[in-house]
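Worksheet for the structure shown next.
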Amino acid sequence: MENARWLKQLTQWLIVVMVTVGLVGCWPSGSDVVNANPGDDMDQVKVTISIDDAHLDQIDQVSEQLKAAGLEVEQTLATLGIVTGSVEAEKMSSLSEVTGVESVEVDQTIQLSPPGSEVQ
């Protein structure tokens with residue numbers, strides 16, 4: 001069980017790295033400002049939710065319960081036991097109370113300097 005939890009955390013970290021590396025290739029030149037979440041309200045929080053091992057086979061039902069708790073589900077990654085989405089900041093605490101949720105983590109935005117800039 002401990003190995004599965006470690007593997008899940010490693011997988012989450014790798015997803016963040018892959019998304020970050022993907023952004024480098026399409027970074028605007030110059031001093032353009034990029035809104036990482038265009039159109040999102042300021043009170044919306046992007047989250048990654050890990051499902052506990054005992055509920056992995058019920059991830060679709062857990063995802064539905066998360067929707068009822070206020071989550072706008074973006075992806076349900078059944079193989080990894082992860083649900084991603086966004087929720088209003090004041091409803092975030094209710095997500096961890098859903099049966100089957102192991103952890104709720106706020107997604108962090110990482111900003112890299114554009115290629116060719118002096119700061120690398």
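- Taking OG1 of Thr48 as the reference point, atom CD of Gln108 lies at 10.0 Å (rounded to 0.5 Å).
- In this structure, the separation between CD on Glu105 and OG1 on Thr84 is 12.5 Å, given to the nearest 0.5 Å.
- Contact detail for Ile59 and Ile82: the closest heavy-atom pair is CD1-N, 3.9 Å.
- Contact annotation: the side chain of Gln61 never approaches that of Glu64 to less than 4.5 Å [non-hydrogen atoms, C-beta and beyond].
- Considering all non-hydrogen atoms of both residues, Asp52 and Glu102 come closest at CA-OE1, 3.6 Å.
- Residue Ser86 comes nearest to Gln44 through the heavy atom pair OG-OE1, 3.4 Å, listed as atom of the first residue, atom of the second, then distance.
- Between Val83 and the options Leu71, Val47, Val62, a side-chain contact (heavy atoms from CB on, under 4.5 Å) holds for only Leu71.
- Of all heavy-atom pairs spanning Gln65 and Thr99, the tightest one is OE1-O, 3.7 Å.
- Under the 3.5 Å distance criterion, the side-chain polar atoms of Ser94 are matched with a main-chain donor or acceptor of Ala69.
- Contact between Leu56 and Gly81 at its shortest, heavy atoms only, is CD2-CA, 3.5 Å.
- A distance of 11.5 Å separates OG1 of Thr76 from CG of Leu80, quoted to the nearest 0.5 Å.
- Atom CD1 of Ile51 and atom OG of Ser103 lie 8.5 Å apart (nearest 0.5 Å).
- Of all heavy-atom pairs between Val101 and Ser96, the closest is CG1-CA, 4.1 Å.
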